[in-house]
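Only a predicted model underlies this, so the values are computations on that prediction, with no experimental measurement involved.
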Amino acid sequence: MTDDEPDVEWAREWKLRAIAPPVAFAIAIAFRASPLGHQLQRTFLTMMTHELGHAICAWWCGFTALPTLWKTMIPETRGLAIVLVAALEATAIYVGVRAERRSLVAIGVALAALQLAGTVAASPERAHATIIFAGDGGAMVLGTLLAAAFAWPPARRGALRWGLLVIGAAAFVDVFGTWWTARTDPDVIPFGEIEGVGLSDPSQLTETLGWSTHAMVARYVALGVACLVALAAVYAAGVYTARKRARS
């Protein structure tokens, strides 16, 4: 959808932006409230973003990780990922400069700064702790980005925007709901060992890395709240922009 489309399209677009995201999150909350729905939600939607969260964080920390179902293979030492990620960032900056797209340049620079922090400033031990945290942490961030993409121009064709919204809402609600509840009910934290995988992420963070349960919960909740604030800002801006174009 472009700026020169008929007003009737923008009149429809602003209503979609206003209604669809809250409905998607309400449905995700309803699914999570059902034991069967929660299991389906976690198995088919949340797990993808969880493992991608591990992998993406590992790539930006210099580790050549391979995400699979239920487990992400992460080597002990840094490797080729440093070069590949740096090439991606350089490409984004180059294309942004050539096309005079400041947003793309800014994204490339921000990603480069993250890589610098993950590979130079962080020791391998600290990087691995961040990668473990980035399972559920990454699921919340990716869920936020996918839900926010509902108003992203390239995603506004066909069913793509709806698929991204459903996956994003389900992933965020599932993970954030667990850690929000854990503030008062630590029993919901998935401690223990996963068959064929090893210790769960919370068990690794507390038993292996020495994090306190309180600190771990607080960090996940803080990240989730920050994602909610960002998503609310994007939602409000998207509705306002579309509504303004509809009126004009």
Side-chain angles (χ1 to χ4, degrees), residues 1 9-54 56-57 69 133-185 187-190 201-202 216-246:
M1 188 173 290
E9 292 297 329
W10 280 110
R12 176 176 176 272
E13 175 66 15
W14 88 261
K15 293 174 184 176
L16 286 178
R17 292 189 189 186
I19 297 172
V23 170
F25 274 81
I27 293 174
I29 292 172
F31 260 81
R32 191 179 185 280
S34 163
L36 177 59
H38 187 200
Q39 183 65 31
L40 293 173
Q41 189 180 58
R42 169 147 300 206
T43 302
F44 294 104
L45 298 176
T46 305
M47 192 51 58
M48 295 185 296
T49 56
H50 178 94
E51 298 304 334
L52 276 177
H54 283 311
I56 292 172
C57 182
L69 292 177
F133 178 82
D136 275 3
M140 289 190 284
V141 173
L142 289 173
T144 300
L145 293 174
L146 292 175
F150 188 78
W152 184 42
R156 291 204 303 261
R157 292 185 177 89
L160 178 60
R161 71 189 311 190
W162 300 101
L164 296 179
L165 178 60
V166 168
I167 296 173
F172 181 86
V173 166
D174 181 21
V175 175
F176 183 66
T178 296
W179 293 106
W180 183 260
T181 304
R183 296 177 307 115
T184 55
D185 182 11
D187 290 339
V188 303
I189 301 175
D201 292 347
M216 177 178 63
V217 172
R219 289 165 185 169
Y220 276 121
V221 170
L223 178 59
V225 170
C227 288
L228 270 180
V229 171
L231 185 58
V234 171
Y235 169 78
V239 173
Y240 172 79
T241 300
R243 177 65 169 164
K244 183 178 180 181
R245 289 178 175 175

Looking at every non-hydrogen atom in both residues, tell me the closest pair between [X] and [Y] and how far apart they are.
X	Y	answer
A171	A139	CB-O, 4.1 Å
C227	T144	CB-OG1, 3.2 Å
P21	L16	CD-O, 3.7 Å
P22	I19	CD-O, 3.2 Å
V188	T178	CG2-O, 3.5 Å
A149	L164	CB-CD1, 4.0 Å

Between [Y] and [X], is there a side-chain heavy-atom distance shorter than 4.5 Å?
X	Y	value
V234	F150	no
F133	D201	no
W14	K244	no
I56	V141	no

Could you give the distance from [atom1] ([X]) to [atom2] ([Y]), rounded to the nearest 0.5 Å?
X	Y	atom1	atom2	value
D136	I189	CG	CD1	10.5 Å
L45	H50	CG	NE2	14.5 Å
T49	H54	OG1	NE2	10.5 Å

### Of all pairs that satisfy side chain to side chain donor-acceptor pair (under 3.5 Å), the ones with a partner from residues 21-30, not counting sequence neighbours
none

### Task
Just grab all the side chain to side chain donor-acceptor pair (under 3.5 Å) pairs involving residues 221-242, residues at least two apart or on different chains.
none

### Parallel, tilted or perpendicular: ring planes of F176 versus F172, cut at 30 and 60 degrees
parallel

### Query
Which residues pass the ring-ring contact (aromatic ring centres under 6.0 Å, His included) test with W152, sequence neighbours left out?
none

### Query
Does anything in residues 218-233 pair up under salt bridge (charged side-chain N to carboxylate O under 4.0 Å, His left out), and if so which pairs, sequence neighbours excluded?
none

### Task
Give the intermediate values and the outcome of side-chain contact (heavy atoms from CB on, under 4.5 Å) for residues V217 and R183.
CA-CA 7 Å; V217 172; R183 296 177 307 115; 4.1 Å; yes

#### Entry: Where at least one partner belongs to residues 23-44, residue pairs that pass ring-ring contact (aromatic ring centres under 6.0 Å, His included), sequence neighbours excluded
none

### Task
Taking salt bridge (charged side-chain N to carboxylate O under 4.0 Å, His left out) as the test, write out the residues that go with R32, two or more places apart.
D174

### Query
Are any side-chain N or O atoms of R245 and backbone N or O atoms of W10, one a donor and one an acceptor, separated by less than 3.5 Å?
no

